[in-house]
Amino acid sequence: ASSLLARGGSVRGPIRHRIAGNLARARSLSAGYPACTLLPVEGGWSLVVRVPAYRSEEALTLELLEREHVLVHPGYFFDFPHEAYIVVTLLPPPDQFVDAFARTLRFASTPSSSLSEHKR
């Protein structure tokens with residue numbers, strides 16, 4: 001186990017660096033979407049985002065996947081006491097993260113009725 005932990009050290013630094021960079025990017029992007037709130041990060045590589053309850057978490061995550069090709073987890077996977085939260089990973093390469101997170105914030109900030117009208 002000790003050799004496994006020692007070898008893991010070469011990966012931990014780059015992962016921490018990527019997570020910190022993507023978290024900074026998420027904070028910057030979210031400033032343009034005041035309806036979405038980033039919760040404090042308690043460790044790990046996930047970011048919890050409180051989003052407007054325009055639709056259920058399940059509907060939001062499925063619509064994001066279908067329309068924007070972005071995968072996020074609904075908050076109920078993590079036993080939040082009420083809606084609406086999503087959980088995103090901070091692991092993707094920075095350019096992919098910025099693109100997907102910007103689309104996520106834009107989509108989550110738009111009432112579902114506006115999306116339906118826009119698609120017509």
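Grouping the Ile, Leu, Val, Met, Phe, Trp and Tyr side chains by contacts below 4.5 angstrom, directly or via other members, places Y76 with F78. Both V87 and L39 are part of a single hydrophobic cluster, where members link through side-chain heavy atoms under 4.5 Å apart. When hydrophobic clusters are built by joining Ile, Leu, Val, Met, Phe, Trp and Tyr residues whose side-chain heavy atoms come closer than 4.5 Å, directly or via intermediates, L23 is grouped together with V70. Both V72 and W45 are assigned to one and the same hydrophobic cluster, defined by single-linkage of ILVMFWY side chains at heavy-atom distances under 4.5 Å. A continuous path of ILVMFWY side-chain contacts below 4.5 Å connects V51 to V41, so both sit in one hydrophobic cluster.
For the ring-ring contact (aromatic ring centres under 6.0 Å, His included) test, residues two or more places apart in sequence or in another chain that qualify with F77 are H73.
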Check residues 88-108 and write down every donor-acceptor pair under 3.5 Å in which the side-chain atom is one partner and the other belongs to a residue at least two apart or another chain.
unit_1	atom_1	unit_2	atom_2	d
T89	OG1	L91	N	3.2
D99	OD2	R103	NE	3.3
D99	OD2	R103	NH2	2.9
R103	NH1	E68	O	2.2
T104	OG1	A100	O	2.8

Side-chain donor-acceptor pairs under 3.5 Å in residues 28-38, sequence neighbours left out?
unit_1	atom_1	unit_2	atom_2	d
S30	OG	A26	O	3.2
S30	OG	R27	O	3.0

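Atom-to-atom distance recorded for L71:CG and L62:CG is 10.0 Å, nearest 0.5 angstrom. A distance of 6.5 Å separates CG of L64 from CD1 of I86, quoted to the nearest 0.5 Å.
Scanning all heavy atoms of the two residues, the minimum distance from S56 to A59 falls at OG-N, 3.0 Å. Nearest heavy-atom pair across Y85 and E57 is N-OE2, 2.8 Å. In this structure, E83 and R50 approach most closely via the heavy-atom pair O-NH2, 3.8 Å.
A donor-acceptor pair is defined here as one N or O able to donate and one able to accept, closer than 3.5 Å; such a pair exists between the side chain of R25 and the backbone of G21.
For H82, the NE2 atom is densely surrounded, since the number of other residues' heavy atoms within 6.0 Å is greater than 12.
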